[in-house]
There are 2 protein chains.
Amino acid sequence: MGYSIGQVAKKTGLTAHTLRYYEKEGLLPFVKKSGSGLRVFSDSDLDWLVLIECLKGTGMSLKDIKQYIDWYMEGDSTLNQRLEMFKRQKLKLEEQMNQLQKHMEKINYKIAYYTEIIAHGSEGVFERNPELAAERKRVYGK
Amino acid sequence: MGYSIGQVAKKTGLTAHTLRYYEKEGLLPFVKKSGSGLRVFSDSDLDWLVLIECLKGTGMSLKDIKQYIDWYMEGDSTLNQRLEMFKRQKLKLEEQMNQLQKHMEKINYKIAYYTEIIAHGSEGVFERNPELAAERKRVYGK
DNA sequence: TCTTGACTTAGAGTTAACTCTAAAAATTAT
DNA sequence: ATAATTTTTAGAGTTAACTCTAAGTCAAGA
């Protein structure tokens, strides 16, 4: 029913240090304390951590995550701000995924290139493998 | 034929400060200097910057990018290391794209959720929109 | 009860990647 | 020729996000 900071650290892969740091930064205003001052995490706190990891994983700063949490704490008057925030994050994420796709193409080109010259030497790579030359043009332009 | 640091800054979106910093860190060992000490960037230097941005964009540290550049400078004896490095980066990138896809699902869920309660209030969201409840289960588990 | 390991706090230290400053030299525009 | 802009260097400062330390408190097992 309640988890110690160490148990949560294990579950989430974050360190106890980091969890305390998040709390200090205002990212975990829900976590209760036991009579003697120990943190007691609930399942719902774990859900919050999942969301925090999600937003962090899409490049949101802890400061902006805190803004969202502050809005949440403020109640229904901030529903629109929260929705808009997720919409902005979705756009950012789409842009990010497109970027990663482009990066993937460059890396695939490099892998093909190195594989080819390791197998057959670097002289006349493109004559031997014209697809590689076409790929280069596509990936690096010009 | 040759570009000043300011011109390169404009082209790449990096600042001149950042470009000098990259050079200091050993990421641009190709950039020439004019007789009077000004940096002169070539088109091939711009290609290097494209690759650096690609690797940085997939989460590689400047230190690891430098390692790659050092291998490149060392010549053909490091072809395998370089290939393996790109293969590792590809795996990392695939993992990253999967993660982003999962994050996207969570964000889509939140957008659907907030859109729904902004439109119809928060009471009985899931009764009114059972697909949302199913989505929640799928996205957040349990 | 004793011991061992987990937890507490405040606060200091670390790391990566910039970001800026100042003073001088080079280049470009008028 | 003069003024304005750009670039140079070394080195200091900043920021985000941890990461660790110390000194003490709490909890569980033998």
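In what follows, chains carry the letters A, B, and so on, assigned in the order in which the sequence lines appear, proteins first and then strands, with residues in each chain numbered from 1. Heavy atoms only: backbone and side chains are in, while hydrogens, waters and symmetry mates are out.
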Note: [X]-[Y] ion pair, threshold 4.0 Å (strictly below):
{"X": "B:K66", "Y": "B:E25", "result": "no"}
{"X": "B:K102", "Y": "B:E105", "result": "no"}
{"X": "B:E123", "Y": "B:R128", "result": "no"}

Taking only side-chain N and O atoms of A:S36, does any of them lie within less than 4.0 angstrom of OP1 or OP2 on D:dA27? yes

For a quick test of reading the model: is some side-chain N or O of B:Y22 closer than 4.0 Å to OP1 or OP2 of C:dC18?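 Checking B:Y22 against C:dC18: at least one side-chain N or O falls below 4.0 Å of OP1 or OP2.
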
Around atom NZ of A:K92, are there more than 12 heavy atoms of other residues, nucleotides or ligands at under 6.0 Å?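 Yes, enclosed.
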
Whole angstrom is fine here: how far is it from [atom1] in [X] over to [atom2] in [N]?
{"X": "B:M60", "N": "C:dA17", "atom1": "CE", "atom2": "P", "answer": "12 Å"}
{"X": "B:E25", "N": "C:dA16", "atom1": "CD", "atom2": "P", "answer": "10 Å"}
{"X": "A:E53", "N": "D:dA17", "atom1": "CD", "atom2": "P", "answer": "12 Å"}
{"X": "A:K33", "N": "D:dA27", "atom1": "NZ", "atom2": "P", "answer": "13 Å"}
{"X": "A:R39", "N": "C:dC7", "atom1": "CZ", "atom2": "P", "answer": "10 Å"}
{"X": "B:Y3", "N": "D:dT6", "atom1": "OH", "atom2": "C1'", "answer": "19 Å"}
{"X": "A:L38", "N": "D:dA28", "atom1": "CG", "atom2": "C1'", "answer": "13 Å"}
{"X": "A:Q7", "N": "C:dG5", "atom1": "CD", "atom2": "C1'", "answer": "14 Å"}

Picking from [options], which would you name as closest to the side chain of [X]?
{"X": "B:I5", "options": "C:dT19, D:dT21, D:dT7", "result": "D:dT7"}
{"X": "A:K56", "options": "C:dT21, C:dT8, D:dC18", "result": "D:dC18"}
{"X": "A:H17", "options": "D:dC20, D:dT7, D:dA17", "result": "D:dC20"}
{"X": "A:R20", "options": "C:dT9, D:dT8, D:dC18", "result": "C:dT9"}

Closest nucleotide of DNA chain C for A:V40 versus for B:Y21: which of these residues is on the 5' side? A:V40

So A:F30 and A:W48, would you call those rings parallel, tilted or perpendicular, with 30° and 60° as cut-offs? parallel

If you assign B:K24 and A:S34 each to the DNA chain D nucleotide with the nearest heavy atom, which residue ends up on the more 5' nucleotide? B:K24

By nearest heavy atom, map B:A16 and A:T15 onto DNA chain D; which one lands nearer the 5' end? B:A16

